[in-house]
Amino acid sequence: MNIKEYIFNYRLKKQPARQAIFPNYDDIRSIIILFESDYQEKNAVIKGIRDELLAQDKDVVLWGFCAKKDIQSFILPQSRIMGLRDLNIFGCPKQEVLLDLDKRQYDLLIDLTQHPNLSLRYVAMFARASFKAGLQFQPNMQSDGIHDFLIQTDPQDTPHFLYTQIIRYLQMISQK
């Protein structure tokens, strides 16, 4: 384990224990989506997912990460892509980034990252969301300490499959 992971795990242990309450899908109004941005910052699949949720009258905020210094996308209330300049030397988003994140409370966090990404794990940990769902990276792991609901599947080329699985399970459980 490297020093960045050690510091992350230390900070994760200091977080209060989560009390997961499975949401009724129809009652969800605000959603934050975490994703790995493509290098050109176009993110067509993510924007398609956002549009699908907006059509369901959900308020959607996008938070992405791209491993480059200079991000071209504007920082908007509904969309932000972090770059290397937004992180401290330990891979944690800088204080001003975390203050922006802390401005809102969400009903649902959908983490669409397909590979372990320390910066987005910090965002998932610090985001104020009533329910957090994402991908299970390690087999037989009951919880990662961040998410309330983990989907066990192999990483895909596109995050759309993970998104459909999360929404499918949320809708199925809401119906019961």
Side-chain angles (χ1 to χ4, degrees), residues 1-20 28-47 49-50 53 58-138 141 143-151 155 158-159 162-163 166:
M1 179 183 314
N2 66 29
I3 188 74
K4 291 179 181 182
E5 279 291 325
Y6 180 80
I7 291 170
F8 175 82
N9 289 330
Y10 175 80
R11 292 184 82 174
L12 180 60
K13 288 178 188 172
K14 295 292 184 184
Q15 295 297 309
R18 291 192 50 80
Q19 298 297 319
I28 295 171
R29 290 287 141 240
S30 59
I31 300 172
I32 181 170
I33 297 176
L34 307 184
F35 65 97
E36 299 156 304
S37 176
D38 59 42
Y39 200 75
Q40 292 81 25
E41 303 171 31
K42 300 290 184 212
N43 305 307
V45 173
I46 299 298
K47 289 177 180 176
I49 290 169
R50 178 201 59 202
L53 291 168
K58 313 266 189 225
D59 180 25
V60 181
V61 175
L62 306 175
W63 274 69
F65 176 77
C66 188
K68 61 182 186 178
K69 282 187 180 179
D70 295 316
I71 299 299
Q72 305 302 315
S73 299
F74 293 110
I75 297 172
L76 303 170
Q78 298 303 103
S79 178
R80 179 180 195 137
I81 297 176
M82 297 183 305
L84 297 175
R85 291 185 193 262
D86 295 313
L87 310 176
N88 65 22
I89 60 171
F90 299 111
C92 180
K94 291 181 178 175
Q95 194 63 36
E96 59 269 16
V97 176
L98 293 176
L99 287 173
D100 281 349
L101 178 65
D102 196 48
K103 288 180 181 175
R104 294 208 39 202
Q105 169 71 35
Y106 302 94
D107 297 327
L108 175 64
L109 178 142
I110 299 176
D111 186 347
L112 296 178
T113 55
Q114 298 293 303
H115 307 92
N117 181 303
L118 187 63
S119 305
L120 289 174
R121 286 174 55 206
Y122 271 111
V123 173
M125 179 172 63
F126 289 126
R128 294 186 309 128
S130 301
F131 194 79
K132 300 178 181 183
L135 179 65
Q136 181 179 10
F137 290 112
Q138 298 172 359
M141 177 177 64
S143 172
D144 62 358
I146 299 171
H147 299 88
D148 304 309
F149 182 69
L150 294 170
I151 299 286
T158 174
L162 178 59
Y163 162 75
I166 290 171

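You'll find the side chain of Ile166 stays beyond 4.5 Å of the side chain of Leu108, heavy atoms only. Proximity of Val97 to Tyr122: side-chain heavy atoms (C-beta onward) are nowhere separated by under 4.5 Å. Between Arg50 and Ser79, every side-chain heavy-atom pair lies at or beyond the 4.5 Å cut-off. In this structure, the side chains of Leu98 and Pro93 come closer than 4.5 Å at one or more pairs of heavy atoms. Two residues are said to be in side-chain contact when any heavy atoms from C-beta on lie closer than 4.5 Å; Ile49 and Leu112 meet this criterion. Within the 4.5 Å cutoff, no side-chain heavy atoms of Ile71 are placed close to those of Met82. The closest side-chain heavy-atom distance from Lys58 to Ile28 is below 4.5 Å. For the pair Asp100 and Glu96, the minimum side-chain heavy-atom distance is 4.5 Å or more.
For the residue pair Asp38 and Cys66, the shortest heavy atom distance occurs at O-SG, 3.8 Å. For the pair Cys92 and Arg11, the tightest heavy-atom approach, listed with the atom from each and the gap, is SG-NH1, 3.2 Å. Across Lys132 and Ala127, no two heavy atoms sit closer than the pair NZ-O, 3.1 Å. Taking all atoms of both residues into account, the shortest heavy-atom contact from Leu12 to Gly145 is CD1-O, 3.5 Å.
Asn9 contributes atom CG, which lies 6.5 Å from atom CZ of Arg121 (distance to the nearest 0.5 angstrom). A distance of 6.0 Å separates NE2 of His115 from CD of Glu36, quoted to the nearest 0.5 Å. In this structure, CZ in Phe8 is found 6.5 Å from CG in Leu118, a value given to the nearest 0.5 Å. Taking CD1 from Ile110 and CZ from Phe35, the interatomic distance works out to 13.0 Å, rounded to the nearest 0.5 Å. Taking CZ of Phe126 as the start and CG of Asp102 as the end, the distance is 10.0 Å to the nearest 0.5 Å. Remark: Asn117 CG to Leu34 CG distance equals 9.5 Å, nearest 0.5 Å.
Panel note: side chain Asp59, backbone Arg29; no donor-acceptor pair is recorded below 3.5 Å. A donor-acceptor pair under 3.5 Å is absent between the side-chain atoms of Asp107 and the main chain of Ile31, judged by distance alone. Side chain of Asp86 to main chain of Gly83: a donor-acceptor pair is present (N/O by atom type, distance under 3.5 Å, no hydrogens or angles). Panel note: side chain Asn88, backbone Lys94; no donor-acceptor pair is recorded below 3.5 Å. In this structure, Lys68 contributes its side chain and Tyr39 its backbone to a donor-acceptor pair below 3.5 Å. At least one donor-acceptor pair closer than 3.5 Å links the side chain of Glu41 to the backbone N or O of Gln72.
Shown here is Gln78, whose CD atom has more than 12 heavy atoms of other residues, nucleotides or ligands within 6.0 Å.
Between Asp148 and Arg18 a salt bridge is recorded (basic side-chain N to carboxylate O distance below 4.0 Å).
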As a quick check of understanding, evaluate side-chain contact (heavy atoms from CB on, under 4.5 Å) for Gln114 and Leu162, giving each step before the final call.
CA-CA 9 Å; Gln114 298 293 303; Leu162 178 59; 3.6 Å; yes
Go through Leu109 and Val123 one step at a time and tell me if the side-chain contact (heavy atoms from CB on, under 4.5 Å) criterion holds. CA-CA 10 Å; Leu109 178 142; Val123 173; 5.7 Å; no
inquiry  = For a side-chain contact (heavy atoms from CB on, under 4.5 Å) check, start with the C-alpha distance between Leu84 and Phe65, then their side-chain angles and the critical distance, and finish with the verdict.
reply    = CA-CA 9 Å; Leu84 297 175; Phe65 176 77; 3.9 Å; yes
